[in-house]
Amino acid sequence: MMRTIRLQREDFDAGAEQAALARGRPDIGALVAFTGICRGDGISAMTLEHYPGMAEEEIARHVEEAERRWSLKGVTIIHRFGRLVPGDNIVLVVTASAHRAAAFAAAEFLMDYLKTQAPFWKREERGDSASWVDAKAADDQAAERWNRRADAAE
Amino acid sequence: MMRTIRLQREDFDAGAEQAALARGRPDIGALVAFTGICRGDGISAMTLEHYPGMAEEEIARHVEEAERRWSLKGVTIIHRFGRLVPGDNIVLVVTASAHRAAAFAAAEFLMDYLKTQAPFWKREERGDSASWVDAKAADDQAAERWNRRADAAE
Amino acid sequence: MKLLYFAWVRERIGKADEEVEAPAHVRTVADLVGWLSGRGEQYAYAFENPKVIRAAIDRAHVRADTALAGAHEIAFFPPMTGG
Amino acid sequence: MKLLYFAWVRERIGKADEEVEAPAHVRTVADLVGWLSGRGEQYAYAFENPKVIRAAIDRAHVRADTALAGAHEIAFFPPMTGG
């Protein structure tokens, strides 16, 4: 399986990453890409702090778990850190499989885990003040459902 | 909501379509893209026949249904027809929302319906013979689950 | 009314479309399939298993018991395999 | 052992990392939080609600009752908000 994990300050090209994962791989029938974008709902900027070393290892552990659960041909995860403004890309998850069910499920699984388990913290700037974003119960619940379900669908 | 539906013989640029949907829209926090690709498992080519007019209308009806179920900021669907070879793009579904759950669910919903309700038929060439692809029970079941569930999440 | 055929239904019948005038007793989609099946062996072959035949009236999916009244364009085709 | 602090834990303590020698009775992550809280008001403030503090030993998430034995790098941080 092709596996790419990158943490970077720079922007990424979601289209180029998807094309790179599928290129020359006629066994891939389904490609799912999730792009997370910095929203502008009242914030002027956001700074993403991360735990270097652990972030890569934690993401790699979840990619391995996704590979155990679904039949995957490739995974690309890119997570940015540093200061971002509304409209900027934050995160990219691309999953490739023979069939769509596995690609969709793995992409959702990886996003749910990135939200709750990968060591990143967001600090938002609103006007003159800045505050750390609180973890959302909804995100914990979204991640939790993967422990309950045994539906390793294709 | 931005809505783009295109049936075309030509290839598409999945990355450019995703960028076009998100550009200048700081209310979009989540973009999900599904790309369906012609697999090479024993086939030399595939021809997609469609019902012009009905295909566009049927897809539009399902996009409207997705808009009713989830809070969406934009949807792009491109479906190719004509002769394709392994590695060629077949279909693109891009969904945009403030949050990831709606974007993922709407993209899966639209793909499940494209597979079973949009008037397209695949004819595969294997060596010297060609045959029409049989509809899969798994695809019908995947589409059927949206009738059972009332989980218009997010 | 105008009939359209797609995929192997089109191949078996040997044409993509035609204009027909069905007799008055042909009231539903199922009636039309039955009447067409009697028009020649290519039709009988195309409709030999009516359960797998899907139909659309004026570009919307319909069931076999749907009335034809007012229909302009009726299409017959196998189960869809898009996406 | 080396301690790392992230996000508002780092801000409240006022440093990103430090080397400490904890006394022998500090055996678990929870013991370490308790001992650190007694080292000054910035530590007490950072750890005022131990329930929301997450910890990692040598780059893997651990629970508060995990033993420190053999740990090289221990990190404290709030719940993650990546993605």
message: Under the side chain to side chain donor-acceptor pair (under 3.5 Å) definition, can you give me all pairs with a residue in residues 26-40 of chain A, not counting sequence neighbours?
response: A/R25-A/D27, A/R39-A/D41

- line: residues 46-55 of chain A vs chain D, non-hydrogen distance cutoff under 4.5 Å, contacting residues -> A/E49, A/H50, A/Y51, A/P52, A/G53, A/M54

field: Residue among A/T116, A/L110, A/I77 with most heavy-atom pairs under 4.5 Å to chain D
entry: A/T116

Greatest number of heavy atom pairs closer than 4.5 Å to chain D - which of A/F34, A/W132, A/Y113: A/W132

field: chain D contact via A/R61 - side chain, backbone, both or neither, heavy atoms under 4.5 Å
entry: side chain

statement: Applying a strict 4.5 Å limit to non-hydrogen atoms, the region of A/D134 in contact with chain D is backbone

query: Would the number of heavy atoms belonging to other residues, nucleotides or ligands and lying under 6.0 Å from CZ of A/F12 be above 12?
result: yes

- request: Could you please state which residues from residues 69-83 of chain D sit under 4.5 angstrom from chain A, measuring non-hydrogen atom to non-hydrogen atom, sorted by number, or 'none'?
  value: D/E73, D/A75, D/F77, D/P78, D/P79, D/M80, D/T81, D/G82, D/G83

query: Which residues in residues 10-39 of chain D have a heavy atom less than 4.5 Å from any heavy atom of chain A?
result: D/R10, D/E11

- line: Given D/R54, D/H61, D/R59, the one with more heavy-atom pairs under 4.5 angstrom with chain A than any other is D/R59

